[in-house]
Amino acid sequence: MQNPHTASRRTLDLDAEMAYWRSVHAIGRLGHHDFDQYRRLLRMGFEVYMAWPRASEEQLYRVLQDSYHRHAPALAVPWDEARWLVRHAWHHAEQAQSMH
C-alpha cells in the first residue's frame with residue numbers, strides 16, 4: 001500500500017457527505033445509534049479514504065479496521081455495521097465525485 005505522504009489525495013466535500021448521512025439517519029435508514037456515533041465512523045472512514053487514494057478496497061478495510069479497533073472503546077457501533085456504513089459512504093462519495 002502506498003504511503004499517504006507520497007500519493008495524491010482524494011478529495012471530497014466532507015460537509016456534503018455528512019449532511020447526506022445525517023439525512024439518511026433522520027429518516028431512520030441508518031441504524032438505531034445516535035448520529036454522533038455514525039459521524040465518528042464516517043469521519044474515520046473518510047480519513048482513510050482520502051489518505052490512501054491508491055489502495056484497493058480490501059486494503060482500505062484493513063486500515064479502517066485497525067483504526068476502528070483503536071477507537072472501539074468509544075464506539076457503540078459494532079464492526080460489521082461500521083464496515084457496512086463506511087463501505088456505502090465510500091461508494092456514495094465516489095458517485096458524488098463522478099458527477100462533478
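All residue numbers in this chain count up from 1 along the given sequence. Keep in mind that what you see is a predicted model, and the values were worked out from it rather than measured.
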Mind listing the side-chain donor-acceptor pairs of residues 69-77 below 3.5 Å, one per line with the distance, residues two or more places apart or on another chain?
residue: H71; atom: ND1; partner: S67; partner atom: O; Å: 2.8

Any non-hydrogen side-chain atom of [X] less than 4.5 Å from a side-chain atom of [Y]?
X	Y	result
L14	R43	yes
Y68	L41	yes
F35	V24	no

Inset, instruction - Without swapping roles, check the side chain of Q59 against the backbone of S56 for a donor-acceptor pair under 3.5 Å. - result: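 Answer holds: yes.
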With a 3.5 Å cut-off and sequence neighbours excluded, list the donor-acceptor pairs that the side chains of residues 81-91 form with protein atoms.
residue: E81; atom: OE2; partner: Y38; partner atom: OH; Å: 2.7
residue: W84; atom: NE1; partner: H88; partner atom: NE2; Å: 2.9
residue: W90; atom: NE1; partner: G45; partner atom: O; Å: 2.9
residue: H91; atom: NE2; partner: E57; partner atom: OE1; Å: 2.9

Legend entry - Set of residues satisfying side-chain hydrogen bond (donor to acceptor under 3.5 Å, both in side chains) with respect to R39, sequence neighbours excluded: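 R39: side-chain hydrogen bond (donor to acceptor under 3.5 Å, both in side chains) contacts with D36.
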Inset, instruction - Using the side chain to side chain donor-acceptor pair (under 3.5 Å) rule, collect all pairs that involve residues 17-28, keeping only residues at least two apart or in two chains. - result: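 As it turns out, the side chain to side chain donor-acceptor pair (under 3.5 Å) pairs with a partner in residues 17-28, which skip direct neighbours, are E17-H92.
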Legend entry - E58 bridged to R62 by N-O distance under 4.0 Å: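 Looking at E58 and R62, the cut-off is met.
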